[in-house]
There are 2 protein chains.
Amino acid sequence: MVAHVYERLQKGELNPGDKILESLLAPELGLSRAPIREALRQLVGDGLLSDKPQVGNFVASLSPREIIDAYATRGLLEGFAVAEALESFAENDLEDLEDLCLQMERYARRDKQKELIETGSEFHRFLFNKSDNIQLIEFTQRLSNKLHLLFYKHWSSLYTAEEIRDRQQELVAVLRQKNQALVEQALRQHYNETGQKVARFYAESEEGE
Amino acid sequence: MVAHVYERLQKGELNPGDKILESLLAPELGLSRAPIREALRQLVGDGLLSDKPQVGNFVASLSPREIIDAYATRGLLEGFAVAEALESFAENDLEDLEDLCLQMERYARRDKQKELIETGSEFHRFLFNKSDNIQLIEFTQRLSNKLHLLFYKHWSSLYTAEEIRDRQQELVAVLRQKNQALVEQALRQHYNETGQKVARFYAESEEGE
DNA sequence: TTCTCGTCGAATGTCGACATTCGACAATCG
DNA sequence: CGATTGTCGAATGTCGACATTCGACGAGAA
């Protein structure tokens, strides 16, 4: 199943560039190669793996530029989605979002990496939930999977607890103004900053190998 | 191969909702079911087919709403890509684009459907070529394939020859102004209009069945 | 020593057959 | 007569084996 490979990727047992041997995964999961191949194809479609015909599947390895671009694209999509659904954010929705900000701060302070990331995902899922543009949702979901998995390990070390809280709260504050263009711009910048940071962080950690 | 199914879809031999029997395609192409399944998975990933587990693959059938959303998303992506690369459009690039506009008008007048569509694709490919955001390019390519194939038949009957020329020329005129926000807005509107029109057209042609 | 060529192993791509599951039809019951 | 259930066919999902191709290793020549 694809969930198994997801886990392996999260646990860091598989690093970017590593080759995925279907002939190893198959007996490991007690399945034949056919369903394994299907799962791998799906992961390739999600951008988590890259496929070289007649050679094999490899864990995707993004260049700093690709990382930045991927985050920028995510900001573009999410900014548009939220701006379109801006009207449907009621005051109590915004308060829920602010609660999530504070919760994230608490998790960040206590080094609860897993819970922090999960709450962060929930925050953005909440933002997106109001959108009903299926196409947009699908693309964003894919990007989210991709980025989430590739940088799961680093996420919690990018910002301090205060920065996390402030950055998220700023987004909520922009939502309150009910200005579409502003919301788009804010989310783009939000993701651009994170993209830059991830790319830098990633480049440094690659140097040490 | 996937190209074969593409053709069948273009020729209208396969209509939205139709079931794709892999056990029919396999002998037809002289292959076993394994490579057929891989090709179908790819088409599902591109959004051209939908997959119901344990049931089969079907030609994707979009609701008017999904059509509108897909075009809106395309406008979002292309608008952003072109706006980002706005600086790199030189005057002779713009002139090339204007030539393409006139060529489209000629093809439209002479009912050269195939050439018209191909030139239209070239126009937008040209717009996109300056972008180097791989993630953006990939998403747009997918959307392009999807929309192109599903509405190939109708494209040439949506606008008159003059409308086609004017609409494209207006885009070039906006490019000339070198204003990012304006470009984004223009391309979004461009695709929104087309999306609305395709959705209407499609809904009407569905009624007659 | 270094470059080239040939061989070999291993992993992917493909195949045909089997198992499983879904959907339709029909017989039975209320 | 209508609804429910059981049966049957057919298509998908899965499997193990074979064919093909790529990459590495090693031998030989310059």
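Chain naming here is simple, since letters A, B, ... match the order of the sequence lines and numbering starts at 1 in each.
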**Asked** So what does B:E38 hit on the nucleic acid, given a heavy-atom distance under 4.0 Å: a base, only sugar-phosphate, or nothing?
**Response** nothing
**Asked** Do B:R125 and B:E118 meet the salt-bridge criterion of a basic N to acidic O distance under 4.0 Å?
**Response** yes
**Request:** With sequence neighbours left out, write down each residue that passes side-chain hydrogen bond (donor to acceptor under 3.5 Å, both in side chains) with B:K130, or none if nothing qualifies.
**Result:** B:D93
**Fill in**
At a 4.0 Å cut-off to heavy atoms of chain B, the contacted part of DNA chain D spans D:dA11 to D:dT14
**Prompt:** Of A:R188, A:H124, A:H190, which meets side chain to side chain donor-acceptor pair (under 3.5 Å) against A:E78?
**Reply:** A:H124
Could you give the side-chain donor-acceptor pairs of residues 47-59 of chain B under 3.5 Å, partners two or more places apart or in another chain?
none

**Request:** Can you pull out how bent the helix from C:dT1-D:dA30 to C:dG30-D:dC1 is, comparing the axes over its first five and last five pairs, to 10°?
**Result:** 20°
**Test side-chain hydrogen bond (donor to acceptor under 3.5 Å, both in side chains) applied to A:Q103 - qualifying residues, sequence neighbours left out** = none
**Short N-O contact, A:R109 and A:E105, less than 4.0 angstrom** = yes
**With sequence neighbours excluded, residues passing side-chain hydrogen bond (donor to acceptor under 3.5 Å, both in side chains) with A:E115** = none
**Message:** Can you confirm whether A:Q185 is buried at CD, in the sense that more than 12 heavy atoms of other residues, nucleotides or ligands lie under 6.0 Å from that atom?
**Reply:** no
**Asked** On DNA chain D, nearest-nucleotide positions of A:P53 versus B:I20: which is more 5'?
**Response** B:I20
